[in-house]
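Following: one structure in structure tokens, then a few remarks.
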Amino acid sequence: MRVPGIVYATADLLPQASGDRALEQVAAVATLPGIVRASCAMPDIHWGYGFPIGGVAATDTEAGGVVSPGGVGFDISCGVRLLAADTDRDVLAPRLPRLMDVLGDTVPRGMGRGGLWRLSGRREMDELLAGGARYAVERGHGTPRDLEFCEDRGVLEDADPSDVGERAAERGARQVGSLGSGNHFLEVQAVERVYDAPVAEAFGLRPGRVCVMIHTGSRGLGHQVCTDHVRVMDRVSAHYGIDLPDRQLACAPVDSPEGRAYLRAMAAAANYGRANRQLLTEAVRRAFDTTAGAEVELVYDISHNMAKLETHEVDGVPRRLCVHRKGATRALPAGHPDLPEEPAGAGQPVLVPGTMGTASYVLVGKEGNDAFHSACHGAGRVWSRHQALRRVRGEQLRGDLEATGIAIRPATWRGLAEETPQAYKDVDAVVDATAGAGLARPVARLVPLGVVKG
DNA sequence: ATGTCC
């Protein structure tokens with residue numbers, strides 16, 4: 001190990017399940033060339049491909065530091081968008097079943113299944129990969145205001161579609177505006193509790209307000225980009241003298257042709273992810289308009305699977321770093337220069353989705369975060385999908401959740417069972433640990449009213 | 001996460 005490993009967690013939140021090798025992964029990441037300060041992990045840490053999910057690793061780009069696709073994850077720019085409707089839960093209540101039916105009928109989800117926007121060909125795909133959510137808005141899918149509250153204002157300018165392979169583009173062509181499967185969802189929620197009134201007000205969150213949380217990423221396109229670039233890096237890393245304890249950490253120097261190509265393709269996939277969430281926003285608007293006569297505005301959109309070139313002080317000296325966040329959310333404090341989309345000068349919103357039937361949180365970035373301005377991204381799995389399927393039946397789970405007043409519109413019974421809340425850590429404990437470690441400050445707690453499940 | 005193996 002070149003640096004220590006730091007896991008921000010209580011004992012209860014540490015990986016304990018047999019077969020969860022996430023802590024070994026924290027140690028393996030600490031061997032990467034150019035890594036600085038520490039190999040970090042958030043309280044929702046669990047086992048992932050190469051890097052742990054919940055992992056944060058920063059490498060010094062001017063000291064041979066590497067970039068690794070495994071440090072971003074297969075679902076590039078997987079993230080969360082929070083919307084707020086101009087209605088309260090008590091007002092919406094009589095119309096909620098119909099709203100859920102319309103959302104269930106119009107939100108594409110599950111494996112394959114198509115998307116809301118069928119692109120005309122590679123030329124239009126390249127426009128979308130270069131323009132992200134901004135391109136979607138230019139084509140009429142949303143309003144310019146949406147972009148003001150989207151991380152990077154909806155587009156990473158250093159994306160290059162020519163680094164995205166043909167197969168990735170083909171897989172993505174029919175999936176713009178779709179949820180996917182696994183832990184992805186679209187949830188109607190209500191603000192249940194506010195912890196920080198001034199910041200909550202700046203974010204537009206008042207008790208009782210109806211919100212919609214969208215959790216999805218870059219679908220088959222991001223998956224194929226990751227696959228393609230892992231293969232390249234697996235081939236070349238030895239040529240750069242890089243010795244790895246695990247092939248899944250395949251990487252190349254940030255300042256190498258392969259490293260730069262990955263970052264350009266990753267940015268293009270990230271733009272696809274933001275456009276995807278933008279299209280789903282429009283479906284939500286149509287559903288709220290027709291069933292409740294309510295309007296919907298964007299609170300914030302942020303990804304938790306990304307690598308970013310950022311400046312941080314290391315041993316008192318500002319360094320240009322490649323910060324990998326995999327299942328970890330950037331959490332910048334108020335007034336940070338990398339935050340052009342900051343709502344009302346309050347700091348970066350950190351959107352933390354829980355699981356079906358449990359709460360979700362909005363936190364905010366703060367000063368004094370020594371994990372490269374990062375926070376948790378969700379609850380974190382404790383049961384494998386296989387374990388969940390052995391113990392839970394989807395039909396039973398839906399009945400249980402509906403009995404507690406939460407409407408469920410599943411894609412498949414199997415997918416629902418895999419996502420049982422019991423398969424996850426307690427999101428309230430994860431957020432407590434995140435706040436206790438000084439990584440972010442709680443702003444509001446949201447509770448589910450209805451779930452459209454991927 | 002993922003046309004759950006080209």
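In what follows, chains are A, B, ... by sequence order, proteins preceding strands, each numbered from 1. We use all heavy atoms of the structure for the numbers below, so side chains are in, but hydrogens, waters and symmetry mates are not.
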Separation of B:dT2 P from A:Asn305 CG (nearest whole Å): 11 Å
Rounded distance (Å) that lies between atom P of B:dT2 and atom OH of A:Tyr49: 17 Å
Audit row: A:Ser303, A:Asn305, side-chain hydrogen bond (donor to acceptor under 3.5 Å, both in side chains) steps and yes/no: CA-CA 6 Å; A:Ser303 48; A:Asn305 280 9; over 6 Å; no
Nearest-angstrom distance from the residue atom CD of A:Gln224 to P of B:dC6: 8 Å
Length of the NE2-C1' vector between A:His229 and B:dT2, whole Å: 17 Å
Atom pair distance, as rounded to whole Å: CD1 in A:Ile53 and P in B:dT2: 13 Å
A:Arg385 CZ - B:dT2 C1' separation (whole Å): 11 Å
Sugar-phosphate, base or nothing in reach of A:Gly220, heavy atoms under 4.0 Å: sugar-phosphate
Interatomic distance where CZ belongs to A:Arg167 and C1' belongs to B:dC6 [whole Å]: 7 Å
Sugar-phosphate, base or nothing in reach of A:Gly182, heavy atoms under 4.0 Å: sugar-phosphate
B:dT2 phosphate, OP1 or OP2, under 4.0 Å from A:Ser181 side-chain N/O: yes
Sole candidate of A:Ile53, A:Val352, A:Thr434 that passes side chain to side chain contact (heavy atoms under 4.5 Å, CB included) when paired with A:His377: A:Ile53
Value in whole Å for how far the P atom of B:dT2 lies from CZ of A:Phe74: 12 Å
Centroid-centroid under 6.0 Å between A:Phe74 and A:Tyr49 rings: yes
Sugar-phosphate, base or nothing in reach of A:Glu170, heavy atoms under 4.0 Å: nothing
Presence of A:Arg219 side-chain N/O under 4.0 Å of B:dT2 phosphate oxygens OP1/OP2: yes
Aromatic centroids of A:Trp117 and A:Tyr272 separated by under 6.0 Å: no
